[in-house]
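A quick write-up on the structure given underneath.
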Protein chains: 2
Amino acid sequence: MKKLQPRFKLWLNAQNIQGAFGDGKWRLLRAIQTEGSLQAASRLLQISYRKAWGDLKKTQSALGVALVAKQRGGKSGGQTVLTDKGKEWLDAYGRFRKQIEQTVQTAWAKHLGRLAR
Amino acid sequence: MKKLQPRFKLWLNAQNIQGAFGDGKWRLLRAIQTEGSLQAASRLLQISYRKAWGDLKKTQSALGVALVAKQRGGKSGGQTVLTDKGKEWLDAYGRFRKQIEQTVQTAWAKHLGRLAR
DNA sequence: AAGGGATATGTCGAGCTATGCATAACCCCT
DNA sequence: AGGGGTTATGCATAGCTCGACATATCCCTT
């Protein structure tokens, strides 16, 4: 028997839109918070700017909430920062995700620890 | 704000093999148990026989365990049934998955109920 | 006035996954 | 012996997602 380990993926669906929010978008918000720009956030996460931008647009459209405030031009060229709502989502989803992560580990050991040895 | 609902996906990785087991393979085992053949199981799940067969092969190879006993020919043309090990995996993973499912619901309400309203 | 750096978007191609198609082997039954 | 229904497997194709490009716009700084 090979060594096994559990993995999971979490996300949210709106009625018309699949993948309205999720782990990837959450990591993006987190990176935006620490980096201060979408460009830098995409570099940090090793995804294309094109995708980061598209993800952000999709999420905001799906949730109907402005998660970030964006600005073009200026001394630094531009910037993207989280709004208060954005921070709320970042934190709330983070707590949500963490609880699932912990449960996956404990439930894994409890139910499959014997078989997957 | 649109109506949102949480979704999740669970799976197991072996060291060399991604997706050794998971929700899809678990549903396949379950369908095999009730249907008695891979052909019927794939029809029930609305996936191609080709995929069902490939998934089963991949899982058994990755886990190094015979989950099913297959037979060609015969009065019914052939059949596929779960072995004892297969039933153990089906049940154990089912319990594992159910616990995660419940936690997703409660954690969702707890952490995101207010925001996602 | 020109440049720099970031946001904003459309488009084409690569890569991966699932599906469809084709074919073979197998075994009980008529 | 032949047919039916299932397992077994390769291959070619369709679909979808992501990344790479190519531009355009914006505004502060030099």
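- Contact check, W53(A) against dA8(C): a side-chain N or O comes under 4.0 Å of OP1 or OP2.
- Counting any heavy atom pair closer than 4.0 Å across all strands shown, G78(A) reaches sugar-phosphate atoms only and no base atom.
- Comparing dT19(C), dT9(D), dT25(D) against the side chain of K51(B) picks out dT19(C) as the nearest.
- Residue K58(A) contributes atom NZ, which lies 17 Å from atom P of dT9(C) at whole-angstrom precision.
- You'll find that the side chain of K75(A) is closest to dT29(D), out of dT29(D), dT7(C), dT6(D).
- We find that CD of Q18(A) is positioned 10 Å from P of dT17(D), with the value rounded to whole Å.
- Centroid-to-centroid, the aromatic rings of W11(A) and F21(A) stay 6.0 Å apart or farther.
- Rounded to whole angstrom, the span from the CD atom of E35(A) across to the P atom of dG5(C) amounts to 17 Å.
- Look at CD on Q79(A): it is 12 Å from P on dA8(C), rounded to the nearest Å.
- Whole-Å rounding puts the Y49(A) OH to dT25(D) P distance at 15 Å.
- Atoms CD and OG1, from Q60(B) and T83(B) in turn, are 7.5 Å apart once rounded to the nearest 0.5 Å.
- Note on K51(B) versus D55(B): salt bridge recorded, some NZ/NE/NH1/NH2 to OD/OE distance being below 4.0 Å.
- As rounded to whole Å, 17 Å separates atom P of dG5(D) from atom CD of Q71(B).
- Under a 4.0 Å N-O distance rule, the pair R114(B)/E88(A) qualifies as a salt bridge.
- For the OP1/OP2 pair of dT7(C) and a distance below 4.0 Å, the side-chain nitrogens and oxygens of Q39(A) include at least one atom meeting the criterion.
- With the nearest nucleotide of DNA chain C identified for both R72(A) and G73(B), R72(A) has the one nearer the 5' end.
- The distance between atom CG of D55(A) and atom P of dT17(D), rounded to the nearest whole Å, is 12 Å.
- Annotation: of the two residues near DNA chain D, G74(A) and G36(B), the 5′-most nearest-nucleotide partner is G36(B).
- Minimum atom distance to the side chain of R50(A) is reached by dT11(C), of the listed dT11(C), dT6(D), dT7(C).
- OP1 and OP2 of dT6(D) both lie 4.0 Å or more from every side-chain N or O belonging to T80(B).
- Between D23(A) and K9(A) there is no salt bridge, since none of the side-chain N atoms of the basic residue sits less than 4.0 Å from a carboxylate O of the acidic one.
- Residue K70(A) places no side-chain N or O under 4.0 Å from the OP1 or OP2 atom of dA6(C).
- One can place CD1 of I47(A) at 11 Å from P of dA20(D), the figure rounded to the nearest angstrom.
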